[in-house]
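What follows is one structure encoded as structure tokens, with my remarks underneath.
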Amino acid sequence: MTQTITDGLNTPQQTAVTAGPGPVLVLAGPGSGKTRVLTHRIAYLVEALHVSPWHIMAVTFTNKAAREMKARVESLLGGQLRGLTIGTFHATCARILRQEAEHLNGYTRDFVIFDTDDQRRAVRQALADLNLDEKKFAPNRMLNGISTAKNELITADMYAGNNYIAEVTRRVYVRYQEILVANNAMDFDDLLLATVLLLDARPGVLQKYQERYEHVLVDEFQDTNTAQYALLTRLVARHGNIFAVGDSDQSIYKWRGADFRNINRFRQHFPEASVVLLEENYRSTQVILDAAKAVIRLNGDRVDKDLFTRRRGGELIVVQEAYDEREEADKVVAAVQQLMLQGYSGGDCAVMYRTNAQSRVLEDAFLRAGMPYKLVGATRFYGRREIKDLVAYLRVVHNPADRISFDRIINTPTRGIGSKTQESLYAWAAAHEWQPAQALLYLVSQPELSHPFPGRVLTPLTRLGNLLLAWVTVREAASISELFDLIVEQTQFKEYILDGTEEGEERWENVMELRNVAVLAGDMSLSDFLEQVTLVSDVDDLTEEDNAPTLLTLHAAKGLEFPVVFITGLEEGVLPHSRSLDEPEELAEERRLFYVGLTRAKDRVYLLNAFRRTFFGLAEYSTPSRFLGDIPARLTSGGGSSGQRREQTVTQASSWQWTPTRPERAQPAQRNSSSTNHRPAPPPAGGTKPAAPTPKADSPKAAQYRTGQQVKHAKFGEGIVIESKSTGSDEEVTIAFKSVGIKKLAASFANLTVLEK
DNA sequence: GGATCTCATGTTTTT
DNA sequence: CATGAGATCC
């Protein structure tokens with residue numbers, strides 16, 4: 001049994017897999033098979049030590065890593081892992097919190113998870129509540145302070161306001177947290193923080209999980225922050241069976257609170273831990289590994305590993321300078337094309353950059369060459385407006401207390417609930433201590449309720465209230481996709497999205513993609529669905545079968561490998577990023593980032609920099625990154641001005657088939673053909689019409705303009721009246737202007753001069 | 001009340 | 001440049 005599990009592992013890997021009991025720390029260099037070790041360790045626990053999967057927890061940082069690990073363990077064990085807990089820190093915490101919701105102050109198990117966008121709205125709400133100017137106190141900055149605090153396990157009432165800005169942050173933090181609770185919502189950081197607080201406050205709960213999770217395994221341990229570290233140490237305090245895998249040289253999330261010193265902390269905390277070093281790299285050639293080692297060695301304050309590979313020699317690293325970012329992108333494309341002539345496939349190549357903004361030029365270059373590509377990150381699918389809007393609908397149906405989501409949808413698509421109506425609704429709701437959506441539900445379900453809304457305002461409110469009520473009513477019985485379709489149809493979302501522009505088409509496709517996700521969810525609970533939607537990231541959706549180069553940030557590249565890696569923007573201020581230049585610690589992190597990029601490569605590396613780069617629309621000259629100079633010259637070729645490597649430039653390969661872009665997603669489902677252009681019926685005017693206000697003496701009388709009249713407008717110039725109709729108190733005139741085309745104007749505002757009858 | 005325009009304003013990396 | 005928020009116009 002043990003035989004098969006450790007088969008094909010090298011000696012240190014075997015040592016790690018079979019180590020213990022007790023704490024184990026695996027220091028794993030890039031490409032040294034750490035995922036193998038983790039998966040085999042789980043298999044070993046189950047098969048050899050007969051640990052029930054139910055007693056095992058494995059945490060990762062991305063859903064993708066979790067899925068991969070699960071699949072690999074399954075194939076090792078043949079699917080006997082019922083009850084195994086495997087997931088990201090955030091997802092695992094969310095599960096625990098829902099399970100233990102009764103112990104959470106102010107939350108139900110249905111709590112929603114706020115993403116960055118929701119957080120920003122909540123912070124702005126907090127600022128508004130406190131009468132603070134968001135110009136002076138940037139929401140992002142506030143949010144940053146709050147997030148940092150939470151990652152350090154500092155709650156709002158512990159927060160020290162020991163200077164002016166800190167005191168403001170403290171107050172915003174307090175208010176922000178109140179808003180979250182009122183919305184039955186947690187942000188990402190809360191998931192970790194609340195779990196730790198829960199375990200500290202409830203010894204019974206702590207004991208329960210300590211007993212359940214006899215073995216805890218952690219991937220990417222160098223990326224843990226204080227909260228995550230605390231969570232782990234609490235969980236394993238009883239038995240000490242923690243198996244942590246990490247590499248401090250690949251720590252790139254300091255800005256998110258990660259602290260690779262947790263590795264040292266681990267050794268102090270568990271002095272008896274077995275420490276295993278994985279130093280054999282199975283991925284890269286000697287050339288690439290040597291370059292990477294030369295780069296990382298220049299970071300102080302680290303324990304040098306002695307990485308080695310059996311892949312002697314290898315292609316030299318190609319260093320190229322381009323005139324500007326556009327030429328840089330063209331060079332990447334040309335090199336990819338040449339590699340493809342040599343037998344590489346597009347999917348073998350990855351193009352990496354420091355900031356997402358750099359992807360645009362690269363996309364352009366691939367588009368111009370007629371080549372498909374995969375883009376990771378950038379505008380996240382779930383960050384798109386139309387997607388967030390629809391998800392907000394689902395969230396409100398799921399949790400009417402979610403005011404942040406309700407704010408999104410109250411007048412989207414526009415339904416005649418403007419800011420004044422909103423204000424009075426909110427005021428009325430607040431007076432009853434309801435959230436607005438709850439108020440609407442009461443409004444339509446309890447007709448005897450007294451309210452301050454005049455008929456004109458009441459109509460759209462009632463309509464929305466009735467819709468909400470209907471959705472809330474069917475939500476138990478309906479599947480997510482049925483609910484989704486109902487919402488889309490009853491809000492006329494399609495008509496709202498398809499505004500005739502090309503962009504509208506694209507947005508509608510996104511909606512249909514979301515529908516696919518909903519269909520795939522089957523009979524998953526709405527709660528699970530919403531959680532999944534909030535916790536997934538685009539990296540998770542990277543598919544491998546599409547045969548196109550991948551464009552991604554260096555951060556997103558961690559954990560991946562490619563035969564060919566391009567790293568672009570190797571310039572001072574870009575690859576060591578400008579914001580890191582004066583902090584040695586941050587500079588060290590930039591170096592690690594570069595190291596991570598280099599070590600993704602199996603066979604070939606291309607490093608590019610541009611002599612001139614445009615920031616914010618203005619061009620600046622830049623100097624090559626210091627990191628380039630840190631690679632020994634014997635490992636590189638090229639390395640010079642843009643003219644030097646002409647032979648690299650290949651005449652455009654002509655055999656390219658155009659695959660539509662956005663290959664990272666499944667094709668949208670077939671269109672809904674049913675709803676052809678049915679305009680919403682005009683709302684019934686609610687019984688007795690309010691008497692039309694009599695026009696003021698000097699306001700235009702009805703039917704002042706006639707079809708065919710020539711008129712003049714102060715701004716639009718001369719035009720001809722096409723149509724004019726009375727709208728009660730005013731007159732709506734449709735005019736074809738010579739200069740600007742057809743416009744609809746309100747006669748009382750338009751200030752038209754009649755030129756000819 | 002809503003659409004459209006202008007202006008400002010800001011970019012690291014993401015669960 | 002690209003998005004978003006306030007002002008203006010209809």
- Note on the structure: Among the nucleotides B/dA3, C/dA5, B/dT15, whichever has the atom closest to the side chain of A/Arg120 is C/dA5
- Query: Rounded to the nearest Å, what distance is computed from the CG atom of residue A/Asp189 to the C1' atom of nucleotide B/dT14?
  - Reply: 11 Å
- Stacking check: are the rings of A/Trp255 and B/dT13 less than 5.5 Å apart at their centres and under 30 degrees in tilt? yes
- Classify the nucleic acid contact of A/Thr421 as base, sugar-phosphate or nothing, counting any heavy atom under 4.0 Å across all strands shown. sugar-phosphate
- Do A/Tyr176 and A/Tyr173 make the cut of ring centroids closer than 6.0 angstrom? no
- Give a yes-or-no answer on whether the side chains of A/Gln222 and A/Ser248 include a donor-acceptor pair shorter than 3.5 Å. no
- Task: Please report, rounded to the nearest Å, how far the C1' atom of B/dT15 is from the CZ atom of A/Phe188.
- Result: 5 Å
- What nucleotide, of B/dT15, B/dG2, B/dT13, holds the atom closest to the side chain of A/Thr88? B/dT15
- Item | Per A/Thr62 side chain, nearest of listed nucleotides B/dT15, B/dG2, B/dT13 | B/dT15
- Message: Can you tell me if A/Thr116 touches the phosphate of B/dT15, counting only side-chain N or O atoms and a distance under 4.0 Å to OP1 or OP2?
- Response: no
- Message: Please pick, from B/dG1, B/dT14, B/dT15, the nucleotide with the shortest atom-to-atom distance to any side-chain atom of A/His90.
- Response: B/dT15
- Task: Would you mind reading off the distance between A/Arg592 atom CZ and B/dT13 atom C1', rounded to a whole angstrom?
- Result: 13 Å
- Separation of A/Gln228 atom CD from B/dT15 atom P, in whole Å? 12 Å
- Query: Stepwise, does the side-chain contact (heavy atoms from CB on, under 4.5 Å) test hold for A/Thr421 with A/Ile410?
  - Reply: CA-CA 10 Å; A/Thr421 311; A/Ile410 181 166; over 6 Å; no
- Query: Can you say whether the rings of A/Tyr426 and A/Phe406 are parallel (under 30°), tilted (30 to 60°) or perpendicular (over 60°)?
  - Reply: tilted
- Criterion side-chain contact (heavy atoms from CB on, under 4.5 Å) against A/Val123, the qualifying member of A/Asp118, A/Asp187, A/Leu143: A/Leu143
- Length of the line joining A/Tyr595:OH and B/dT13:C1', which is rounded to integer Å: 19 Å
- Task: Tell me which of A/Thr553 and A/Thr414 sits closer to the 5' end of DNA chain B, going by the nucleotide each one is nearest to.
- Result: A/Thr414
- Item | A/Asn411 side chain, from C-beta outward: closest of B/dT14, B/dT15, B/dG2 | B/dG2
- Rounded to the nearest Å, what distance is computed from the CE atom of residue A/Met352 to the P atom of nucleotide B/dT13? 16 Å
Using a cut-off of under 3.5 Å, enumerate the N/O to N/O pairs linking the protein to nucleotides 6-8 of chain C.
none

- Message: So, using ring pair (Phe, Tyr, Trp, His ring centres under 6.0 Å) as the criterion, who are the partners of A/Tyr253 when residues are at least two apart?
- Response: A/Trp255, A/His555
- Message: Which nucleotide wins on minimum distance to the side chain of A/Arg256, given the candidates B/dG2, B/dT15, B/dT13?
- Response: B/dT15
- Intermediate values then yes/no, side-chain hydrogen bond (donor to acceptor under 3.5 Å, both in side chains), A/Gln125 and A/Asp129: CA-CA 6 Å; A/Gln125 172 82 56; A/Asp129 291 352; 3.1 Å; yes
- B/dT14 P sits how many Å from A/Glu589 CD, rounded? 12 Å
- Just call it for A/Asn140: base, sugar-phosphate, or nothing, with non-hydrogen atoms closer than 4.0 Å on any strand. sugar-phosphate
- Expressed in angstrom and rounded to an integer, what is the separation of A/Tyr253 atom OH from B/dT15 atom C1'? 9 Å
- A/Arg456 has a side chain; which of B/dT14, B/dG1, B/dG2 sits nearest to it? B/dG1
- Item | Below 4.0 Å: OP1/OP2 of B/dT13 and any side-chain N or O of A/Asn356 | yes
- Are the charged groups of A/Arg326 and A/Asp324 less than 4.0 angstrom apart, N to O? no
